[in-house]
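Along the sequence shown, the residues carry numbers beginning at 1. When a ligand or atom number is given, it counts from 1 through the structure's own listing order.
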Amino acid sequence: MTNPGEIKLISGTHSRVLLEAVSKYLGIDLCDHEVTRFRDGEIRVQVKESVRGHDVFVIQSTEPPSDNLLELLLLVDAVKRASAKRITAVVPYFGYARQDRKDQPRVPISAKLIANLIQVAGTSRVLSLDLHADQIQGFFDIPVDNLYATPVFKGYFDNLDANEDLVVAPDVGATKRARAFARRLGNVPIALIDKRRPEPNKAEVVNVVGDVAGKRCLLVDDIIDTGSTIVEAAKALIENGAKEVRVVATHALFSDDCVEKIEKSEIAEVVVTDSVPRVLTLNHDKIKVLSIAPLIGDAIRRIHEELSVSSLFI
Ligand code: R5P
């Protein structure tokens with residue numbers, strides 16, 4: 001892109017803490033903007049300085065409530081109408097990603113609809129983190145950079161030992177992620193949990209595939225929602241002789257009584273990122289929160305300078 005203008009950093013109210021951390025990391029002042037409410041509750045956004053001809057990054061995770069998504073769409077619309085040169089929607093947690101196919105009659109493909117909305121609002125490109133399914137990139141007809149959180153976790157787990165530690169996928173869908181994680185953290189072997197869902201939000205372990213006896217297990221997942229998956233998996237691993245179970249996951253939704261479940265479980269530690277900001281209000285001995293601001297900051301810098309983004313995590 002010729003003359004990409006300056007980087008302009010904006011966010012919805014929800015991702016404001018991340019915005020400030022990214023701005024500090026990059027040494028770039030925030031673009032003056034506000035997100036407020038009309039008396040009836042409707043969202044009102046305004047960008048208070050010129051973004052004409054500039055490279056604008058709008059940061060917002062889009063887990064419920066849906067106002068988070070709406071703030072993102074309205075901000076993108078505002079900068080589009082203010083003649084920004086390029087608009088990147090930075091969506092660390094991409095909500096509705098788990099509804100990515102028509103797996104029952106008369107259900108929507110929600111992830112596709114959300115992708116359409118983000119694109120139609122005027123987004124030029126998307127930057128996300130650990131999308132639930134890689135194919136969601138194909139729901140957009142604009143470039144999508146899907147970062148992996150591995151560099152964020154790498155420093156924390158740099159002492160894994162291939163003889164003692166085991167990376168465990170908590171369900172079949174997580175196998176590819178677990179294998180990549182294990183490779184980047186010292187070629188640690190992997191095991192697999194055969195999970196089924198008897199009903200939504202409930203997880204049941206059918207089988208543990210692999211010899212976990214005497215091992216320190218690290219369960220790797222993209223999302224912790226109700227916590228059922230990791231708690232049931234940890235229980236099965238301990239029953240099968242594992243010495244210790246820790247969990248690493250990118251997006252901490254922590255719905256319902258998830259934190260209480262973790263507290264009472266066999267899990268020794270849960271390491272997550274701050275992609276879902278709610279987690280920042282938690283202060284819990286078992287839960288460690290790592291910041292994604294440097295990773296997002298580096299990606300923003302690279303996008304702006306037209307450099308490779310994948311080199312951040314390969
Ligand atoms: C499922 O495909 C995801 O990767 C997670 O395992 C799932 O969303 C976790 O949900 P919960 O914490 O409610 O079991």
Are the charged groups of K195 and E204 less than 4.0 angstrom apart, N to O?
no
Do E20 and K24 sit within salt-bridge range, that is, some charged N less than 4.0 Å from a carboxylate O?
no
Contact residues of ligand 1, where a non-hydrogen atom lies under 4.0 Å away
R98, H132, D171, K195, R197, D221, D222, I223, I224, D225, T226, G227, S228, T229
Would you check if there is a donor-acceptor pair between the side chains of R98 and S110 at a distance under 3.5 Å?
no
Do S124 and K80 get their side chains close enough for a donor-acceptor pair, meaning under 3.5 Å?
no
Considering residues at least two apart in sequence or located in another chain, which fulfil the ring-ring contact (aromatic ring centres under 6.0 Å, His included) criterion with H251?
Y93
If the threshold is 4.0 Å, N to carboxylate O, is there a salt bridge linking K8 and E49?
yes
